[in-house]
Structure formats: C-alpha cells, structure tokens
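Some notes on the structure that comes next.
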Amino acid sequence: MSSSTSGSEVRRGLAALACFFVALGVLDRGLSWTMLALESRYYSGGNQFERQLAGYLSGRNFDTLVLGTSRTSEGIIPLLLEAEGRPRISSVFKEAYQGKGPRYQLEFYRLFRKYAGRPRLLVYGVDYFLYSIQSDRRWMSRFSSAESWKPPAPRRAPLLLLQRKHQHDVFFNDLIDDINDRAGRKVAPATDTFEQSRRYLGVPADRSRLVIEKPLSYKRSRMPRPPGPEGAAFERLLAETGADGVPVVLVSLPDYVGTYRTNVELATFHEHLRELSRRYPHVTVLIYNDPRRFDLDDPSLFIDGGWGRTNSHLSTAGAAELSRMLARDLARLPAR
Amino acid sequence: MRWAPLLAASLFFVGFARPVDLVPLALATAVTYGIALRLASLPAWSTAARRRWLLLGTVALVGGLAAAKYLNFLEEMVSQAAALFGARLSLQPVHLLLPLGISFYTFRLLGYLLDVYHRRVEAERHAGYFGLFAAFFPQVSAGPIERARDFLPRLKSPERFDIDRLASGATQVAWGLFKKAVIANRLAVFVDQVFAAPPGQGLNLVVAAWLYAVQIYCDFSGYTDIAIGLSRLLGYQSAPNFDAPYASRSVAEFWTRWHMSLSFWFRDYLFLPLSYAATRRERRDTFLGLRVETLAYVQATAVTMVLCGLWHGASWSFVTWGALHALYLIGGQLSRRVRRRVARRTGLASRPSLHRALQVVVTFNLVSFAWIFFRAPTLAKALEYLHYMQIKPSATGMGHMIVGVGLVAAFLLAEWICRRAAPFRPLPLPVRAGLLAATACAIVLFGVDAGNEFIYVRF
C-alpha cells in the first residue's frame, strides 16, 4: 500500500471517528433531554390523587390507619381488624403496597391527617429491609410537593444517558407496571382502589413459589442499617405522630421459616424496634415474626419466600390468622 | 509474529475469570497438536496405526468434555437405572464448574483431528498458530466452530488495514450488543417470569415460548455478531453462523440456518459417516418395507440430534429437545410426498406466497415448542409448562408482554430492512459513524442490565 493511500485511509478513519463522537455527543444530549421531558410529564401528572383521596375520605370516619409495603398489603385484612377489633377499632383505612416506603407513607399520613383528621391508631407493618427501601417515583408523584418525586443526583459518567441510566430504567419499569395494571384492570378511579384495598383478602397459598427444601447453600441477609435512603422519613413520621398524639403500633409480620432463617439479624432488627419504642413513648412494638407466636413452618400460610429469599408474603389464610391475632392484641393495648 | 499477542490475549481472556480454565484448553490443544503431527507422519497405508492414534485423540478430547460436563448426568442415569432394579444408590454429586468454551473448542479440535486423519487438511506444525486456532478469543467461548482448513490460512494472512472493514466490524459488534442488551435481555424479563411460575399464566405460556425463540436467537446471534465483528476488526473473516433461521420453511431448512457451524459439524462428522456406514452395512435394498437409505437417514438423524441435544447440556430436557428435532426431521422426510400431494390438492401449490407463509409459521411453531424443553430447567418443569398452557389471556405480565411483542416486531422490521437494503450498501463512512453512535446510545438507553450471561456461553 502506498503512503498516500495509507495516509488517505488514516484521514478517512479520523474523519469517521470525529463524526462518531460528534453524533454521540449530540444524540446523548438530545435523548437525555427528551427523556427528562417525558419523565417530568409522566410523573407530574399524578396530582389528581389528593382530590380523589379528599373526596373518598369526606363523610367517612376512619379511626385506624394501616401503612406499609406489599407485606402489609397482603398480610393485614382491614375487614377482619374491624370485625375482631371492636370496640377499639371500628373502621380501617389501609395504604400499603410494593414501593410505598417510609417517604411515601410520611407524605400519605400528612394528606390523610389533612382530610380525615388524626387517626386514633396507626399500624405500621415494618420490614426487615426497612432501611434499604426506596419509594417508587410513580407513587411519590402523587404528592404535589415539588421535590417528592425528583430522582436522586446522578452518578458521574462520560455520557448523560449513562449517568441517568438507573433513573431511566425506573421510568421504563414504571411505564410497564402501568400497562400491567391497566391491562389487568387493577387501575380504577382512586375511590375504587381505596375500597378495593379495604376489602382485599389476599391470595391463596402457592407452594410452587416457596423454597421449602433447605438448599446446600443459600445467601444469608444482614439487616440494612439505619438510616438508609428513607430512615429519616420514618423517624419524621414517628415524631409527627407523637406530636399529633397518635399511638403507633409497629408490627413485625411473619415470614415463612426459610426467610426467617435467611434474615440472620432479625433479633437485632427486633431489638432496634424496641429501642424505637423506648425513644418514642407513643410507639408500641408487636412481633409476630417469631415461631413462638406464629406458625412460620406452615406453607399454607404463605405465598412466597423461603431459604435464600429475604422477603415473604402471607396468604389469605395466613393474613386471616395474623389479622385476628393483631386485632386481639390491639384491643388489649391501653387506650391513650 | 502477529499470532503471539493475539494468543496471549486469547489466553488472558480464557483465564481471566478462572485461571484453572486454561488447563483443559492447554491439554486439549497439546494432545490434538501432537496426535495430528503423528498422524501426518504415518504413511497412508498404515491404516491400523492411524486409526489407533485417531481413537486415542478422540477419546482424550471427548473424554475430557464428558468428565467436565456429563459426570453428574451419568451418575443420575446410573441411579435411575439401579432404581429400576430396586437398588438404591446415593452417589455424591460432583460440583465441577464447566471450563469456559470447552464444548466449542473440543469440537473445533476434534474436527481438525478428523480432517487430518482423512487428509482433508495438512497438520499444522506451527504451535503458535495452532494454539491461536484453538483459543482465538472472539470465538472461544461460544463459537462459531471454525474448520481448520478455512480458518488456519486466514489466521496466517490477516486482511490489510482498511477503514471500511473496521467500520463494518464495529457496526457488527454494535448490532450484536444491541440484540443482546436491548432485545434478548428485555424479552428475558417476561420469559423468566413466566417460566418461573407457569400455573395460572394461560396464554402467557404460549407467548413466552414464542418470545423465548426470539430471545435465544437475539442472544446467540448477538454473541456471534460480536465475535464476527471483533474478528473483522482484527483482520480475520469468520464464517457466518445464522441466516434468518425463522424464515425456514421446514425444520430441515432450519438446521441449515441455525448455529450453522455446529449443525454442519454434526452433519459432516457424525450424520454423513453414520448414514454411509448404515447403507454399506445393509446389503438389501429394503428392510422392513423401508428403503435402506431411508432407514439410514432415520438412524443417523436420531443419533445425531440426540447427541446434539446432549452437547447443549447434560439433562433429560436437552435430550428431549434433541429427540423432538429428530422426530421433526424424520417426520418431515417420511411425509414429504404426502405433504406435496396435500399442497397440490388443496391448491396451496398454486399459491406459493401463502404456501411459503404457512410453512414458515408451522416451522416456527414446531421449533418454539421444542425450545420449551431447551429453556425449562428440568424435563418435569417443561411438562408442567405444557400442562398449564391454554388459550386464556392472563392479566399478569401484560406490560412486559406488550413491550416484548412490540420490540420483536421492530426488530423483525429492522432485519428485513437490512436485508432489503443490501444493494444500497455501503453508506458513506460519516453516515455509518452516525448510525453507530445512534446504536450505542440506544444500547445505553434501552439496554437491560439483567445480569444475564450469553445463553450459549453456558454450554
């Protein structure tokens, strides 16, 4: 190959590289800006929620508020609490679902207090992984507070798309979850959702989703340490309920035995909850995640979980049993 | 001396995650190198001696693969056989991690040995080039399974520096990454969810089987594109491994378009010799009412496809997958005349486009059905999957399914455009650079980092 030919090849190569980097920079900025605009539009469209909540609460008198994540959503049945908890408990509002962490629950409590007044009792289903939870942006966008759904600061990376990769992935997953909900007709006017949540009885046990046999090796889970991403919001919730004079009951829901053994620092977690109740006199702790209190071995009481899994949910039967026990224990608590 | 840094890079690639993986590769390469030279030194008339050396080499290579891959499966078969006679054997499972690429380089080396034995290729004397042939890093972990007579000469005379070749290689790497990260990994979210819990999924099970067919194609062809693109960047042409397999009109055609390097390997080194041996053995023209050629085809196909299934994995589900394809091929061959008659009588033969479309749809469904056994972790799980299949929509996972189907439609359109646009290539270099940048952005934005390794690297 002659030097002039190789020289022209090198020049072509350099020109192509330059085109590549220019195009990369332009596309990176353009796509990043487009994604931010789309996300802003998607997440800021959720503030009908406050109006719908206000409409639903108007004329209804809920004395007990139940908050938590999916474990609480599956594990506590409001209708059973009402049936078995009289006269202490007459009407229960449950706001619990996957992705509704302490930040979400703090904002929700404030809205509830604004439109329904202070509840006479707040039951909070606490999870072993409480201090690693991050509330879904989709849920946080329900609150009109400007900062409530903004994503955390992006990490450093050569491309903006790389910097915000996690944020964009969360957005795509939220979109897909939305489609899932709409296709499954789970999304309805908020009043129906609130009422559905009240009447929800859980799902039947599913042995196929349980890891029943102890494997040769499994990954053990340590307790995430406070404060974590939303620990400050959790403490804030405890402080505000204390200032409002609202008694709070922290409930440690049962796990299937494999999960119970996988979460090796449960004793530490429960001690931490007791420490919270010492610091906040209005807080009581009820621990059902204990083989002496609940039959953690019975697969018919759970829908998932097991060895190597850090998370498990109660079945309809399990939730019924827990709700009855909880109602009896709540009834015995001294009135404040 | 170009082989030296490439060989070093290849050995580094193989040994990076687990240095011990270098041992079986080095042993297999050394044994094959030595035996090939021995075979080449023996005169053509010393048939018995040559056969003994070939047998030694084959046993060493296949034995090494069997030991690494099939020990536990053999133990399971022995236990099951013993149970049939009422004996209980509790054998300790041997936890061996499969060395990277062992299935691929074993076949590459075995093919080379057989070619040397049959004098189709000269034994390679240069240890460096031979080592590079065995361990070439773009291809070592999941193919293509190159033939020595094609690839060794290319290794010795790489292409000259050419910007267009570099651009084309980079584009192919980017397209391969796109197929894997954006399409295969996204489809895997829905497919994994459905396969993990079949009860109550209804129609999702049917859709997931179709989407898995696309997932495994994008995953494996994506890997191949990366391997071929990287080879091009280094100045080496690689054999293609896929040719629009789901456009096949029959399962027989599918196997000329899917994982071509493996299927041609099995055809040339197993199927054809078995068929030939069977026809030579049987002196009559017919046997049990069937032509001897047909019987030979049936036997050779059954053995080849079952072994092909076993090559992919040591479990009954892979054996079933291979056996299913054997059934398809044999059934297709035996029913050829009947199908032609039906096509003529129904008028399909006079509507070639409709006929072709029907053939493609039927073939795709047959192959997708077989993929269920390939994907399921065990045979029992595959049967459970089939048990829960029904044409009843399920509300769960709709979002992932809609996204998956949309993605597949977009992907098929893109592939169709690329094939149709071939006469208009090549585009100006700056335009190709821009398209490459767009692909890179799409990979970053839409890529799913699900932690899924390439499917065929597991084999």
Side-chain angles (χ1 to χ4, degrees), chain A residues 1 5-6 8-32 34-35 157-169 171-186 203-204 206-210 216-217 303-304, chain B residues 92-93 95 160-168 170-171 174 181-182 185-186 189-190 193 196-200 204 381 384 388 393-407 427-450:
Chain A
M1 184 190 291
T5 313
S6 67
S8 74
E9 285 288 286
V10 170
R11 276 195 296 276
R12 282 182 72 215
L14 288 173
L17 261 180
C19 287
F20 172 78
F21 283 113
V22 166
L24 191 66
V26 167
L27 285 168
D28 175 54
R29 276 4 181 221
L31 282 170
S32 200
T34 307
M35 287 303 301
L159 294 175
L160 285 178
L161 288 177
L162 259 180
Q163 272 190 30
R164 296 181 178 132
K165 171 76 183 152
H166 176 71
Q167 173 187 328
H168 298 325
D169 283 348
F171 169 60
F172 289 136
N173 285 332
D174 285 347
L175 273 181
I176 292 173
D177 286 341
D178 238 345
I179 299 173
N180 271 338
D181 289 345
R182 284 174 206 281
R185 286 183 277 281
K186 278 190 203 164
V203 295
D206 187 349
R207 282 182 78 102
S208 68
R209 292 171 60 189
L210 286 167
L216 282 173
S217 71
I303 55 172
D304 58 15
Chain B
Q92 273 288 80
H95 297 289
R160 302 179 80 155
F161 177 79
D162 180 338
I163 285 297
D164 288 301
R165 176 176 55 74
L166 287 178
S168 143
T171 305
V182 176
N185 281 1
R186 174 64 67 189
V189 175
F190 176 70
Q193 194 180 302
N204 282 1
K381 284 284 182 189
E384 183 195 27
Y388 285 109
S394 168
T396 60
M398 195 65 80
H400 286 292
M401 188 189 357
I402 290 171
V403 167
V405 168
L407 208 51
L427 294 167
L429 205 52
V431 174
R432 279 192 277 166
L435 286 174
L436 190 59
T439 310
C441 287
I443 291 169
V444 171
L445 182 58
F446 299 115
V448 177
D449 180 17

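The sequence lines fix the lettering, A, B, ..., with proteins before strands; numbering per chain opens at 1.
Nearest heavy-atom pair across A:Cys19 and B:Pro430 is SG-CB, 3.5 Å. Taking all atoms of both residues into account, the shortest heavy-atom contact from B:Val444 to A:Lys165 is O-NZ, 2.8 Å.
Note that the CZ atom of A:Arg11 and the CD1 atom of B:Ile163 stand 12.0 Å from one another [nearest 0.5 Å]. Rounding to the nearest 0.5 Å gives a distance of 10.0 Å between CG of A:Leu17 and CG of B:Leu436. Here the SG-CG distance, from B:Cys441 to A:Leu27, works out to 5.0 Å after rounding to the nearest 0.5 Å.
The side chain to side chain donor-acceptor pair (under 3.5 Å) check on A:Asn173 picks up nothing, with sequence neighbours excluded. Remark: A:Asp304 pairs with A:His313 by the side chain to side chain donor-acceptor pair (under 3.5 Å) rule, at least two apart or across chains.
For the side-chain contact (heavy atoms from CB on, under 4.5 Å) criterion with A:Phe172, the lone passing option out of B:Val448, B:Val403, B:Leu445 is B:Leu445.
At a 4.5 Å heavy-atom cutoff, the contact between B:Ala440 and chain A is made by side-chain atoms alone. Neither the backbone nor the side chain of A:Ala15 has a heavy atom closer than 4.5 Å to any heavy atom of chain B. The part of A:Leu31 that comes within reach of chain B is its side chain, from C-beta onward, which places non-hydrogen atoms under 4.5 angstrom from that chain.
Among A:Leu161, A:Val22, A:Asp169, the residue making the largest number of heavy-atom pairs under 4.5 Å with chain B is A:Leu161.
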